[in-house]
Protein chains: 2
Amino acid sequence: MGTSVASRRSGKGTEKRDPVATRRALLEAGAHLFPLGGFDGVSIEDLADRAGVNKALVSYHFGGKRGLYVAGLESAFAEMAGRLRAVDGEGVDAREGLRRFFQAFEAMTRERPDFPTLFLRELLSSGIEPAVVPHLLEIVAVSRRLAERGRREGAFRRVDPLLFHFGLVGALCFFFATEGARQRARMAGQIPFEMPTPQAFVHYLEDMTLRGLAPGPSPTRTRKRKGARS
Amino acid sequence: MGTSVASRRSGKGTEKRDPVATRRALLEAGAHLFPLGGFDGVSIEDLADRAGVNKALVSYHFGGKRGLYVAGLESAFAEMAGRLRAVDGEGVDAREGLRRFFQAFEAMTRERPDFPTLFLRELLSSGIEPAVVPHLLEIVAVSRRLAERGRREGAFRRVDPLLFHFGLVGALCFFFATEGARQRARMAGQIPFEMPTPQAFVHYLEDMTLRGLAPGPSPTRTRKRKGARS
DNA sequence: GTCTATAGGCTGATAGAC
DNA sequence: GTCTATCAGCCTATAGAC
């Protein structure tokens with residue numbers, strides 16, 4: 001929990017620590033600092049200070065600031081993709097899969113609260129890091145399969161799996177990535193009313209998704225009536 | 001459309017232009033560059049070059065890079081808030097209000113395609129610019145009133161207006177803010193399949209929202225059954 | 001209002017001692 | 001592997017000529 005330290009000054013001497021502890025401390029520092037501030041907003045010195053490690057070790061162990069950033073980024077994306085794999089369990093039907101989808105997202109944000117921020121920041125950046133593209137595609141594939149399975153089982157109406165994906169992931173990412181900003185703004189007195197809790201939002205979104213995906217015609221006519229079948 | 005130029009070199013001399021043209025050119029440059037790259041990712045020289053203007057004029061007219069950024073930010077937020085005000089028209093019922101809500105968002109992204117990116121970047125930043133907080137609250141208030149009106153008119157079931165707001169705005173912002181990244185990744189061959197169009201997504205989200213808000217019990221039982229009425 | 005020139009700070013990276 | 005010292009580059013901001 002506390003600040004990881006790979007080497008420390010004690011009295012007058014310098015104690016050396018495990019090099020793997022150094023790497024780990026730097027990765028932890030990156031995981032904490034990069035989501036705030038973004039890549040440009042964090043200096044090597046910031047990272048070294050938080051890790052309790054010498055500046056030069058960033059270049060030594062990761063080949064530079066970018067290397068440290070990418071290493072953390074990839075591990076986070078891989079972890080998210082891995083968690084979502086539980087959605088495709090053996091005997092789980094589509095509705096249960098959807099529940100697991102939300103559970104996986106909740107679990108991720110519980111253990112890595114600023115993953116959504118990191119995620120979003122990377123998507124907003126000029127060029128997505130090639131190393132994480134496979135994980136990204138894997139994440140998309142999960143919701144895609146979920147939508148298709150629901151359709152096959154008759155649990156969901158037919159929707160474009162990609163639209164389904166963006167509606168779900170977009171709302172979740174936005175909410176969780178901006179959660180910190182809300183809390184800060186709330187404490188600074190900029191927001192004069194209570195904000196929803198993450199649990200409430202996840203529950204709401206799950207409810208809306210189930211209702212929105214329920215088979216059958218829309219309870220309200222759309223503007224233009226179409227023929228019998230599309 | 002082309003690069004705005006407030007002053008230009010012709011042959012050997014230097015022609016002076018309207019100072020308001022200078023300001024305008026710089027604001028346009030900021031509106032284009034800040035969404036990409038973010039505040040840290042854009043240098044004063046980048047801005048001046050794109051505006052066809054001298055570096056020093058940024059400080060002269062806006063008191064520094066931050067001043068130019070905030071000026072553009074505030075005008076964008078104000079414009080979005082203004083567009084959303086149409087949702088609260090005189091004789092519009094809730095369902096029509098929701099339609100206008102999506103229309104306003106679509107219109108905004110048509111004329112200022114990278115507003116969602118700017119918006120999201122600001123929400124992710126360490127501290128939200130105080131100057132835009134009022135506009136932010138106004139935007140929240142629109143969806144809040146929309147949800148409450150729908151409830152009052154019997155068109156929507158009862159939902160927490162703030163959850164409604166985040167579900168809607170979150171999904172829209174995410175999709176549009178990452179649209180550029182998708183196109184880039186697609187062209188770079190990182191994505192091997194077609195991506196949904198903005199129109200398709202907006203239509204999908206509107207449909208899902210109407211279905212999700214339709215009065216009546218959820219077509220699927222939730223895990224815990226509650227009493228007859230809440 | 002606009003431009004040139006420059007000050008001054010900070011950053012990422014590395015050479016070389018230990 | 002770790003640390004100190006240092007360098008070259010870029011950045012924002014401003015003083016002063018026009």
Side-chain angles (χ1 to χ4, degrees), chain A residues 3-30 33-34 36-73 125-126 129, chain B residues 3-30 33-34 36-72 125-126:
Chain A
T3 306
S4 301
V5 176
S7 76
R8 61 163 66 211
R9 317 178 176 295
S10 68
K12 50 206 74 171
T14 300
E15 297 177 18
K16 296 204 181 144
R17 294 279 176 210
D18 201 343
V20 326
T22 299
R23 288 183 58 100
R24 213 158 32 81
L26 281 172
L27 284 169
E28 190 274 340
L33 294 178
F34 281 132
L36 305 87
F39 181 76
D40 292 336
V42 179
S43 74
I44 290 189
E45 194 158 15
D46 295 335
L47 295 160
D49 285 354
R50 171 163 236 271
V53 144
N54 191 278
K55 281 167 49 174
L57 295 179
V58 173
S59 289
Y60 179 79
H61 284 289
F62 296 95
K65 187 172 106 168
R66 182 78 197 173
L68 172 56
Y69 174 76
V70 172
L73 194 69
S125 77
S126 320
E129 177 60 39
Chain B
T3 307
S4 299
V5 177
S7 75
R8 62 164 64 211
R9 317 179 177 293
S10 68
K12 50 206 71 172
T14 300
E15 297 177 18
K16 297 201 179 146
R17 296 279 176 210
D18 202 343
V20 326
T22 299
R23 288 182 60 100
R24 212 157 34 80
L26 281 172
L27 284 168
E28 190 274 341
L33 294 179
F34 281 132
L36 306 88
F39 181 77
D40 292 336
V42 180
S43 74
I44 291 188
E45 194 158 17
D46 294 337
L47 295 160
D49 285 354
R50 171 163 237 273
V53 145
N54 191 278
K55 280 165 49 172
L57 294 179
V58 173
S59 289
Y60 179 80
H61 284 289
F62 297 94
K65 187 171 106 168
R66 182 80 197 172
L68 173 55
Y69 175 76
V70 172
S125 77
S126 319

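Chain A is the first sequence line, chain B the second, and so forth, proteins listed ahead of strands; every chain is numbered from 1.
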Minimum side-chain heavy-atom gap A:Thr22-A:Leu26 below 4.5 Å
yes
Applying ring-ring contact (aromatic ring centres under 6.0 Å, His included), which residue pairs with at least one partner in residues 50-69 of chain B are found, sequence neighbours left out?
B:Phe34-B:Tyr69, B:Phe39-B:Tyr69
When you check the phosphate oxygens OP1 and OP2 of D:dT2, does a side-chain N or O of A:Thr22 lie under 4.0 Å from one of them?
yes
Taken to the nearest whole Å, CG/B:Leu57 to P/C:dT2 is 5 Å
How would you list all residue pairs meeting salt bridge (charged side-chain N to carboxylate O under 4.0 Å, His left out) that involve residues 53-62 of chain A, not counting sequence neighbours?
none
OP1 or OP2 of C:dT4 under 4.0 Å from side-chain N/O of B:Asn54
yes
What one-letter contact string describes nucleotides 6-14 of chain C from 5' to 3', where B marks a base within less than 4.0 Å of any protein heavy atom, S marks contact via sugar-phosphate atoms alone, and - marks no contact?
------SBB
Spacing between A:Arg24 atom CZ and D:dG1 atom P, to the nearest angstrom:
15 Å
Inter-residue atom distance A:Ser43.OG - A:Lys65.NZ, 0.5 Å rounding:
7.0 Å
Could you go through the salt bridge (charged side-chain N to carboxylate O under 4.0 Å, His left out) check for A:Glu129 and A:Arg66 one step at a time?
CA-CA 10 Å; A:Glu129 177 60 39; A:Arg66 182 78 197 173; 2.9 Å; yes
Residues pairing under salt bridge (charged side-chain N to carboxylate O under 4.0 Å, His left out) where one sits in residues 39-48 of chain A, two or more places apart or in two chains, turn out to be none
